[in-house]
2 protein chains.
Amino acid sequence: MTDKIYVGVDLGGTSIKVGLCDITGKLLHTYEGPTGTEHGADVVLENIAQYVRKLVADTSYDWDQVAGIGAGIAGFMDIPTGFMKLSANLGWRDVPVKAILEEKLGKTVRIDNDANVAALGEAWAGAGRGIPNVVCYTLGTGVGGGIIINNRIIQGNGMAGELGHMNLIPDLEAIQCGCGMTGCLETVSSATGIIRMAKEAVERGEHTSLALIENITAKDVFDAAKSGDEVAHRIINRAALYLGKSMAMIAVVLNPQRFIVGGGVSNAGDILFDAIRKYFDQFAVATAKEGVDIVPAILGNDAGVVGAAGLNLHS
Amino acid sequence: MTDKIYVGVDLGGTSIKVGLCDITGKLLHTYEGPTGTEHGADVVLENIAQYVRKLVADTSYDWDQVAGIGAGIAGFMDIPTGFMKLSANLGWRDVPVKAILEEKLGKTVRIDNDANVAALGEAWAGAGRGIPNVVCYTLGTGVGGGIIINNRIIQGNGMAGELGHMNLIPDLEAIQCGCGMTGCLETVSSATGIIRMAKEAVERGEHTSLALIENITAKDVFDAAKSGDEVAHRIINRAALYLGKSMAMIAVVLNPQRFIVGGGVSNAGDILFDAIRKYFDQFAVATAKEGVDIVPAILGNDAGVVGAAGLNLHS
């Protein structure tokens, strides 16, 4: 075989996932092993190199067919030089990731922010396949995001795609966000935000089945809403309202063809998506929503490796 | 001489302005003549061709040095094919502008939306020179805009950069916009919005020097604010508040290095810019405003021809 293949690395704090994609973004094979964070950057980078070599060796592909290797990592980095300035969850400071991996592997390596990489994965080979301009939301502990324009990740000055910090919540309802500001989208539309609103409703003594649950999760709130609990429904609506409103803003700034929503919260399904679409429709000017849709992410946890594999094709 | 030169066409309803730029975006020579809108598209396009030929003939450059011709036109068009679907102010429908001009002139021609072209002009050779990612606002009758990422105009699905329709104004203060929605930025932060707020204040009988003016202009409101009129100052602050807030949103979506503000209203100077910067600072998360500035446009009416000339260098 002579087809080019692309390797993606999803570097997490506890495990490293590596994957092999063809030129269309089809995930052909994956391998996962421990990160070894506690042993420091040298060991972690050596682990990556070994897992990548094993990944390819386990298939019928030749090492020569590997056309590029990409890695998604959480932290502050300089993309062009692949230099990690600070990664809090890995405990890294000033690590020349690209240079070290290129020396170990003898291939072109590109690194990027993990949220951006996951967005690229969905855009390239997931729910955005074939669409050049997409904006991805990840609804989890916070609200993350990634902006893909003409099939490329938008970095801006380094903070592009931080959608959770759009300042959208009206003063009277705004609470302080982890970033120090008040009014950020993620104070309402993340799992954390949904849980907070549920707990506050229970504490206020509102009539809701959520009062019977000890440690409320976002899933509990969605389940209660699906069962007809009006308080839970109001909370979900509020989370969806500001998501839809943020998309309406982005629709006149970037006007992507598609919004993709992933992360744990997005598993709630229609009850969430129907509400987001309703509010997007309400707040977006007609010409800016024409031909624009809002869909769930489809790659799940594979978005990271797929997007990382795609870094060398979309940069 | 053998240097390449680039021609830009700013096609307005009453006059056509053409300009010659070098490869750095320096405007070397301009010419302006009547559009002849009333004679139809054939005549207008022939006028463009003649003005462009005259423009070059009037200089010491050879026609052979013209490396590309660009045109900024108001209307709905298909950019890649240069096909104008509908231009309300020219009365055009289904005109293959690019094809006709290329045949007449024997050069590569690109067309784009006039607001995007002006943004490209400022980004390339104006207040954004040397900066790859800028977002431009034009404050006039409405609030227009243009998004330049990696030195290229962002089109999205065709409506990118329509910043005036960001839905930002809280319900209790929102009025209906020309687009049919309520709460659009331009209902407050355009010249029209500023004049409206001033007239409403006068009608309410507020204590303001604006009450003595028959036909209030945006400049009157700025002048009154500069003279210490508190009502005028409050109106300017409100216009600036939502501009700053919109920039804070864009700072976590695209994170451009620079916001450029042009158009008639931007001539107000420091009183406007200081207020915009204050509110941007208030609503933008710290990491997203680092290294980001807000500056006035500098090319004035030349932005259109310069940006049009740059279309063939930035596409």
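Chain naming here is simple, since letters A, B, ... match the order of the sequence lines and numbering starts at 1 in each.
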* Segment of A:Ile147 engaging chain B (4.5 angstrom heavy-atom cut-off) -> side chain

* To do: Flag yes if more than 12 heavy atoms outside A:Phe83 fall under 6.0 Å of its CZ atom; otherwise flag no.
  => yes

* To do: Using non-hydrogen atoms and a 4.5 Å limit, figure out which bit of A:Met166 sits close to chain B: side chain, backbone, both or neither.
  => both

* Structure fact -> Answer key: most heavy-atom pairs under 4.5 Å with chain B among A:Ile154, A:Val285, A:Val253 is A:Val253

* Residue B:Leu163 versus chain A: region with a heavy atom under 4.5 Å -> both

* **Partners passing ring pair (Phe, Tyr, Trp, His ring centres under 6.0 Å) against A:Phe283 (at least two apart in sequence or in another chain)** => none

* **By side-chain contact (heavy atoms from CB on, under 4.5 Å) - contacts of B:Ala71 (at least two apart)** => B:Val9, B:Ile73, B:Ile111

* **Proximity breakdown for A:Ile250 and chain B, heavy-atom pairs closer than 4.5 Å** => side chain

* Please determine, among B:Leu185, B:Val292, B:Leu168, the option with the most heavy-atom pairs under 4.5 Å with chain A. => B:Leu168

May I have a table of the donor-acceptor pairs connecting chain A and chain B at distances under 3.5 Å?
residue  : atom : partner  : partner atom : Å
A:Asn157 : N    : B:Asn255 : O            : 2.6
A:Asn157 : N    : B:Asn255 : OD1          : 3.2
A:Asn157 : ND2  : B:Glu290 : O            : 3.0
A:Gly158 : N    : B:Asn255 : OD1          : 3.2
A:Met159 : N    : B:Asn255 : OD1          : 2.8
A:Gly161 : N    : B:Val252 : O            : 3.2
A:Gly161 : N    : B:Val253 : O            : 2.9
A:Glu162 : N    : B:Val252 : O            : 2.8
A:Val252 : O    : B:Gly161 : N            : 3.2
A:Val252 : O    : B:Glu162 : N            : 2.8
A:Val253 : O    : B:Gly161 : N            : 2.9
A:Asn255 : O    : B:Asn157 : N            : 2.7
A:Asn255 : OD1  : B:Asn157 : N            : 3.2
A:Asn255 : OD1  : B:Gly158 : N            : 3.2
A:Asn255 : OD1  : B:Met159 : N            : 2.8
A:Glu290 : O    : B:Asn157 : ND2          : 3.0

* Structure fact -> chain A shares the most heavy-atom pairs under 4.5 Å, among B:Gly161, B:Pro170, B:Gly183, with B:Gly161

* Determine which pairs satisfy ring pair (Phe, Tyr, Trp, His ring centres under 6.0 Å) with at least one residue from residues 139-164 of chain B, sequence neighbours left out, and list them in order. => none

* Asked: Got more than 12 heavy atoms from elsewhere within 6.0 Å of CZ, A:Phe273?
  -> yes

* Structure fact -> Highest number of heavy-atom pairs under 4.5 Å with chain B among A:Ala284, A:Gly164, A:Gly180 belongs to A:Ala284

